[in-house]
Protein chains: 2
Amino acid sequence: MATLKVPSSVPSPLEDADRLRKAFVGWGTDEKTIVSILGHRTASQRMEIRRVYKELFGEELFTSLDKEISGDFERIVLLWTFHPAERDAFLANEAARKWNPSNRVLIEVACARSSGQLFAARQAYHARYKRSLEEDVAAHTTGDFRKLLVPLVSAFRYEGEEVNKTLAKSEAKILHEKISDKGYNDEELIRIITTRSKAQLLATFNHYNDQFGHPINKDLKSDPKDEYLAALRATIRCFTCPAKYFEKVVRFAINKLGTDEYALTRVITTRAEVDLQEIKDVYQQRNSVAMDHAVSGETSGDYKSMLLALLGHEEA
Amino acid sequence: MATLKVPSSVPSPLEDADRLRKAFVGWGTDEKTIVSILGHRTASQRMEIRRVYKELFGEELFTSLDKEISGDFERIVLLWTFHPAERDAFLANEAARKWNPSNRVLIEVACARSSGQLFAARQAYHARYKRSLEEDVAAHTTGDFRKLLVPLVSAFRYEGEEVNKTLAKSEAKILHEKISDKGYNDEELIRIITTRSKAQLLATFNHYNDQFGHPINKDLKSDPKDEYLAALRATIRCFTCPAKYFEKVVRFAINKLGTDEYALTRVITTRAEVDLQEIKDVYQQRNSVAMDHAVSGETSGDYKSMLLALLGHEEA
């Protein structure tokens, strides 16, 4: 469930664009208005506001925002204002260009989206960067990470609920054999994880657990410091329990010495219209404190206001 | 240029469906009518006929065709009547299931189509087989072929004309190094061929030729019997000169002891609305005989009539 709160009576895109323009011009910027409008509009409403803004003022809304605001507040407003597919393309491009093994963005874009959404991100990537997503991922990553990430971002998984139980059994066995032999980069293991449908993978992982007595992710934790193993676990968690996966990202982002605003902003903007409510519920259970409260304690100013708006904390 | 000839005044889908039905019922089947209608309609017209046929007679046109005709004639009529994306999905599924190293169908579907067409084939594959194309290719192929084919069928290449010349130079050098070392299955070589845009690859191959004195495909012919090298050459030819590639497929299909009807049917049905005229021109130049004439000499009956219709030989 989404957390985004949209007012029961939404102003026209024209009114919104006009109020945003007024928030930018003159002495200083009226950040409250930016949050009160953009922080309470759906993706399609934001697209309309962008279109009308450009028509009215001959300038992209992004250009105006870029001039008027800065820092963490700028990043969250820009990321949020993107169309979700554009946002995924932007985040994936950043992750590919500044590739490092602990970066999980490519895995999230590939595995915590529907097949259609991943494909929309690949289309947006063409439009924005004049290259393909898989091309950049392949060019910037190496070794085992490349073997895993290129097929992950190139996949167009079948999304039906059909499950082949015989296949789930035989592939659980393959996974177990490879993992027991520490063949974490084995071609067959990567083939299964990067091509099978989510429904089929769930059946395979359940069978793995039933048959071999451990969840697959426990067996993939032989060396907790190995970043490739962590990437495999993240992949599996994005398929099997995205809300738990994202709760952990938020928890680590908040608990870090010096909050990880990049991670926090990414999770909040990419999930506010998807399942941020489930993520908040898991957070509350896991940490005995509300996510809004934790976020509020670690952030400040307009950035905090925008986070809380997307967390559904305040009405517009 | 397409060879398909559509009459200047096309009957309504209703008339066509009705005439087809009449060709099926009663004593024997009227194959001439099948050729005269389906052999002279565009993809969208054929889709309309299918839709109307189903509405009128409560049976899929494919089911009726399957009952009434057989052999090579059946195969060409069914393949042709498919939507191009469905046809690609069908051919790719057949090729994956009955995988053998000399099969070039997956390469054709991946490399001799636009990015959008390949994606449409992947969507049609979901709908028809309840699995993904890359999933089946990965499960049925092995070794070097798998390393090449899975990323080929998963690609969504950028299609702009932009070329990075510096990159073309540096990647031509990488390709030359790997090929000189017989590293034909090298990760970098496969990365370049499976992810770069066609425009970028053309620049890279041109640079390769200029810098190292041979076309890349000549250097990939060190062992003419190696099927993996042949697959690499086919991939490159599908990008650089599809008409020449398909002319060769047709030439081999015709010159074989016992015509290869599968290959002939595949090329004619997949190219008749694309570039069969160019393929015919290359064939005439290369063999000093018209392709229509050669096809006519090697085939017979209704199959021959349908081939010639798609070759543009007769008006409806």
Side-chain angles (χ1 to χ4, degrees), chain A residues 89 96 110 115-116 118-147 149-164 167 170-171 174 187-201, chain B residues 89 96 110 115-116 118-147 149-164 167 170-171 174 187-201:
Chain A
S115 298
L118 172 55
F119 183 69
R122 293 171 79 185
Q123 290 182 298
Y125 203 100
H126 279 203
R128 194 173 174 92
Y129 302 108
K130 312 288 174 203
R131 290 188 302 278
S132 75
L133 170 57
E134 65 269 27
E135 175 176 9
D136 279 355
V137 172
H140 288 93
T141 59
T142 53
D144 292 345
F145 285 98
R146 177 152 86 185
K147 284 200 186 100
L149 291 170
V150 175
L152 279 183
V153 301
S154 309
F156 179 62
R157 291 177 202 263
Y158 177 63
E159 292 200 310
E161 290 305 313
E162 297 89 339
V163 165
N164 178 333
L167 191 69
S170 67
E171 295 197 336
I174 296 176
E187 271 186 28
E188 281 289 284
L189 180 147
I190 289 179
R191 172 185 68 78
I192 294 166
I193 290 177
T194 59
T195 67
R196 293 303 185 195
S197 75
K198 289 187 191 181
Q200 183 67 32
L201 282 175
Chain B
S115 299
L118 171 57
F119 184 69
R122 294 171 79 186
Q123 289 181 299
Y125 203 100
H126 279 203
R128 194 172 174 93
Y129 302 107
K130 312 288 175 204
R131 291 188 301 278
S132 76
L133 170 57
E134 65 269 26
E135 175 176 10
D136 279 356
V137 172
H140 289 93
T141 59
T142 53
D144 291 346
F145 284 98
R146 177 152 86 184
K147 283 200 187 103
L149 291 170
V150 175
L152 279 184
V153 301
S154 309
F156 180 62
R157 289 175 204 264
Y158 178 62
E159 291 200 308
E161 291 304 313
E162 298 88 342
V163 165
N164 179 333
L167 190 70
S170 68
E171 295 196 336
I174 296 176
E187 271 186 29
E188 281 289 284
L189 181 147
I190 289 179
R191 171 186 67 78
I192 293 166
I193 289 176
T194 59
T195 67
R196 293 303 186 195
S197 75
K198 290 188 190 180
Q200 182 68 33
L201 282 175

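All chains are named by letter (A, B, ...) in the order of the sequence lines, taking the proteins before the strands, and each is independently numbered beginning at 1.
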Using a cut-off of under 4.5 Å on heavy-atom pairs, state which of [options] scores highest against chain B.
{"options": "G160(A), S154(A), A155(A)", "answer": "S154(A)"}
{"options": "R196(A), R146(A), E187(A), H126(A)", "answer": "H126(A)"}
{"options": "R122(A), K130(A), R131(A)", "answer": "K130(A)"}

Does E162(A) have more than 12 heavy atoms from other residues, nucleotides or ligands lying within 6.0 Å of its CD? yes

Using heavy-atom distances under 4.5 Å, tell me whether A139(A) contacts chain B through its side chain, its backbone, both, or neither. both

So, the part of E134(A) with a heavy atom under 4.5 Å from chain B: the answer is both

Shortest non-hydrogen pair, A89(B) vs A121(B), comes out as CB-O, 3.7 Å

Indicate the atoms forming the closest heavy-atom contact of V153(A) with V137(A), along with that distance. CG2-CG2, 4.2 Å

Top contributor to chain A interface from [options] [non-hydrogen pairs under 4.5 Å]:
{"options": "E135(B), R191(B), Q123(B)", "result": "E135(B)"}
{"options": "Q200(B), K147(B), E188(B)", "result": "E188(B)"}
{"options": "Y125(B), Y129(B), F119(B)", "result": "F119(B)"}

Taking the side chain as every heavy atom from C-beta outward, state whether I192(A) and I174(A) have any pair of such atoms under 4.5 Å apart. yes

Rounded to the nearest 0.5 Å, what separation is found between the CG atom of L133(B) and the CG atom of L118(B)? 7.0 Å

How would you list, by chain and number, every residue that makes a side-chain contact (heavy atoms from CB on, under 4.5 Å) with S115(B), sequence neighbours excluded? F156(B), R157(B), E159(B)

